[in-house]
Amino acid sequence: MLTLTLPDGAERQVEEGTLPRDVVGSIGQRLLRDALAVEVDGDVQDLITPLRKGGDFKVLTAKHPRALDVLRHSGAHILATAVRRLRPDAKIGFGPSIEDGFYYDFEVDEPFTPDDLARFETEMRKVIAESYPFIRAEVNQADARKKFADDPLKLERLAEFDENEIISTYTDGPFIDLCRGPHVPDTSHLKHFKLLHTAGAYWRGDEKRQMLQRIYATAWFSKEELEAYLHRLEEAKRRDHRTLGQQLDLYSTDQRVGPGLILWHPRGATIRNEIENYERDLIIRHGYELVYTPHIVSEKLFQISGHLENFKESMFGGVDVEGASYRLKPMNCPGHICIFQSRSRSYRDLPIRYAEFGTVYRYERSGVLHGMLRVRGFTQDDAHVFCTPEQVPSEIERLLDLVHEMLETFGYPYTIELSTRPEKALGAPEMWRSAEQTLADVMKKRGQEFTIDEGGGAFYGPKLDFKLIDAIGRKWQGPTVQLDFNLPERFELEYTGADNAPHRPLMLHRVLVGSMERFVGGLVEHYAGAFPLWLAPEQARVIPISDEAVEASKSITLRLESAGVRAHLDDRSETLNYRIRDAETLKIPFMAVVGKREAASDSIALRVRGAGKKQEVMSVANFVAMIVGQIEARALKP
RNA sequence: GCUGACGUAGCUCAAUUGGCGGAGCAGCUGAUUUGUAAUCAGCAGGUUGCGAGUUCGAUUCUCGCCGUCAGCUCCA
């Protein structure tokens, strides 16, 4: 007998093997109609899988987020049902639910076309209208092989089952799939979905295996949610840094230069320069020293560092210089280490913190390049801290302060992940454990919340990853801090301790923005191109209403410029409306409109980006003071 | 790198079955002097990504290369 505890605390005794459907039905027929799945002792299962264990028992209806996963998984089967009807040649792969939807992989001779997608969607609606129940069956290996005799991908999966593992199949109408479940009761539950696109996907994610055709779809409980999701996609598209980057004249790439190499236009360079200036001041305040290291470096250095061994496929080919091979640097650490080793170091010198906006080049495969976010040449705001093991906690604390201050300035909420020892790792497990413990303790002490990514560390040490959350809720890779036990060994780093004996320091690698290219690309999307005043390439545009106001406007522009404001005069012979529109389109934070009245009273009519007609007349002196104050405060708005 | 799609003026897009490559915006010139998101007119702008091939004739069909996009794999 199993004991089920209902949400109201009531207990039910049922025989092992009872179907959840019967339990739900005994609670209420109305509930059974709405039930999509159940949760038993924390695990989701469908209504037709026999109960194997007792525990907390909850009925999942369309209100429950975990039921949505079940619905989406069923959606994948419905998709496969439709595809099989129209393309009987399609061999089925896997079809799981994913965030926001589901996909299904097929092996076909002729890839799907966009027209196919529309036909599949229509066919899916028929399958849904036919309201096939999902029927579960448990089968033995031999029967399963018979059922999937024409599906080589399923046979491959079948071969991997353990002897006593339960093999289950799910059938909806004409379609049968090898599947663990769970599923909703019948196909009619899928109502609000849309097929999105097709793409190639390697069988089992292995690039050495054949490529399958994947169909992606989204699915939701309600029409509103589906529409909201599609709207979110639109919103992401509207913010795309590649489109805005061109519209706002921030950057470009050029076939003649080569893919993945960014040309920073003046407006983009202004943003980057502001960030670099800000960060330079910030890190100097936080105890860093700036260094510069060469872009092209003798290959020998990367033999010592191990990059040639572990990172070779990401490095650009060697350049022959007088018989010696040189490489473009893919990372800045070896250079910083050489500076550390340029003289003997005492424990009194530690910690040493070297920082550099170091431009690195990495060979990325052509298919992964993406605007500014994934490139082949980029500048890291890189730093390396050389310290004793005892200094690690205080260094981490300093870093948490630094990161917090910086991310607040850009208006990013963030979360932290602690990544621990991976399977292949360097150094003694005790060393790892103590390092991980140190990191965790520092954060706990500060009341800093974090999650643990088990086994996600680099092979040479554990790390902290900061994940940024942007204005539309997407996560971005933010600052990272990595402890390194490896490079100090490889380079045989030493300092002289108080005991006059040599000791090995520890290294901390850390970046804040990571890559300037990626960070600025991310900021474009975060702000939707409407940069806060301090970052805006053009901060104010002075717009005379007519020729009578041009002289006054010129002098206002000059006063702004001499106060350090990036201001421009727009005295083109266009209508006022045209020039306002132009400034709005370029997302310039402030427009200072100057007419006859303003010119006579040394004032401007202020129009704030995005605020429409709402305007305020203020004296030029007040305007200059206000704008300078907001720049200095690095205010997020406007 | 792999699968698929795409590549026409600075930008966004047109161009019947293969038959003289167009438009809007931006640019230039002129007129207009504007009170808060596109004033009017004229002009100029192209070896249709590059290179072969088929054809009387190729933006259109075929092949190769380059680049871009959606994913996969990989990642700051």
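In what follows, every chain begins at residue 1, and chains take the letters A, B, ... in the order their sequences are listed.
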Pair of N/O donor and acceptor under 3.5 Å linking B:rA26 base with A:Gln247 side chain: no
What integer number of Å spans the P atoms of B:rC66 and B:rG51? 15 Å
Determine the contact category for A:Arg242: base if any of its heavy atoms lies under 4.0 Å from a base atom, sugar-phosphate if only primed atoms, P, OP1 or OP2 are that close, otherwise nothing. sugar-phosphate
Taking a pair as Watson-Crick or G-U wobble with both distances under 3.5 Å, which nucleotide is matched to B:rA38? none
Within the structure shown, what part of the strands sits under 4.0 Å from A:Gln246 by heavy-atom distance: base, sugar-phosphate, or nothing? sugar-phosphate
Say you pick atom C1' in B:rC28 and the same atom in B:rG45; how far apart are they, in whole Å? 10 Å
Look at all strands and tell whether A:Val375 reaches a base, only sugar-phosphate, or nothing, counting heavy atoms closer than 4.0 Å. base
Selection from B:rG67, B:rA37, B:rU33 that lies nearest to any side-chain heavy atom of A:Gln255: B:rG67
pair_partner(B:rU32), Watson-Crick or wobble, both distances < 3.5 Å, evaluates to none
B:rA9 and B:rA5, which share atom name P, separated by this distance in whole Å: 22 Å
A:Tyr288 six-ring centre to A:Arg510 NZ/CZ under 6.0 Å and within 45° of normal: yes
Select base, sugar-phosphate, or nothing to describe what A:Gly367 touches, counting heavy atoms under 4.0 Å on all strands. base
Which nucleotide wins on minimum distance to the side chain of A:Ser573, given the candidates B:rU33, B:rU32, B:rG35? B:rU32
Considering only B:rU39, B:rA76, B:rG35, which nucleotide approaches the side chain of A:Tyr578 most closely? B:rU39
Are A:Glu123 and A:Arg119 ion-paired here, with the side-chain N under 4.0 Å from a carboxylate O? no
Starting at atom CG of A:Leu248, determine the distance to atom P of B:rG10, rounded to an integer number of angstrom. 20 Å
With sugar-phosphate meaning primed atoms plus P, OP1 and OP2, does A:Phe519 contact a base, only sugar-phosphate, or nothing at under 4.0 Å between heavy atoms? nothing
So which nucleotide from B:rU36, B:rU68, B:rC72 ends up closest to the side chain of A:Pro259? B:rU68
Looking at A:Tyr363 and B:rG1, is any side-chain donor or acceptor paired with a base atom of the opposite kind under 3.5 Å? no
Considering every strand shown, what is the Watson-Crick or G-U wobble mate of B:rC61 when both distances are under 3.5 Å? B:rG53
So for A:Glu598 and B:rG35, does any side-chain atom that can act as donor or acceptor lie under 3.5 Å from a complementary atom in the base? yes
Can you check whether any acceptor in the base of B:rC74 is under 3.5 Å from a donor in the side chain of A:Arg365, or vice versa? no
What does A:Gln615 touch in the nucleic acid at a heavy-atom separation under 4.0 angstrom: a base, only the sugar-phosphate, or nothing? base
In whole Å, what is the span from the CD atom of A:Glu574 to the P atom of B:rG35? 15 Å
Evaluate salt bridge (Lys or Arg N to Asp or Glu O under 4.0 Å) for A:Glu276 paired with A:Arg272, printing each intermediate quantity in order. CA-CA 6 Å; A:Glu276 288 184 357; A:Arg272 170 170 168 178; 2.8 Å; yes
Name the nucleic acid region contacted by A:Ala605, choosing base, sugar-phosphate or nothing; use a 4.0 angstrom heavy-atom cut-off, strictly under. base
Decide if the gap between the ring center of A:Phe106 and the ring center of A:Phe112 is smaller than 6.0 angstrom. yes
Using the aromatic ring of A:Phe378 (for Trp, its six-membered ring), decide whether it stacks on the base of B:rA76 within the limits of 5.5 Å and 30°. yes
Could you tell me the Watson-Crick or G-U partner of B:rC13, where both distances fall under 3.5 Å? Say none if there is no partner. B:rG22
If you check the A:Arg607 side chain, which of B:rG35, B:rU68, B:rA37 turns out closest? B:rA37
Closest non-hydrogen atom pair between A:His568 and A:Thr557, with its separation: C-CG2, 4.0 Å
Would you confirm whether A:Glu417, through its side chain, and A:Ile452, through its main-chain N or O, come within 3.5 Å as a donor-acceptor pair? no
In whole Å, I'd like the distance from the CD atom of A:Glu551 to the P atom of B:rU33. 19 Å
At 4.0 Å (heavy atoms only), tell me whether A:Thr198 reaches a base, stays on the sugar-phosphate, or touches nothing. nothing
Mate of B:rU3 across any strand shown (Watson-Crick or G-U wobble, both atom pairs under 3.5 Å) is B:rA70
What's the CD-C1' distance between A:Gln213 and B:rC2, to the nearest Å? 11 Å
So what does A:Val511 hit on the nucleic acid, given a heavy-atom distance under 4.0 Å: a base, only sugar-phosphate, or nothing? nothing
Picking from B:rU33, B:rG35, B:rA37, the nucleotide nearest the side-chain atoms of A:Lys613 would be B:rA37
Categorize A:Asp547 for me: base, sugar-phosphate, or nothing, with a 4.0 angstrom heavy-atom threshold over every strand shown. base
Output yes when A:Glu584 and A:Arg541 qualify as a salt bridge under the 4.0 Å nitrogen-oxygen rule, no when they do not. no
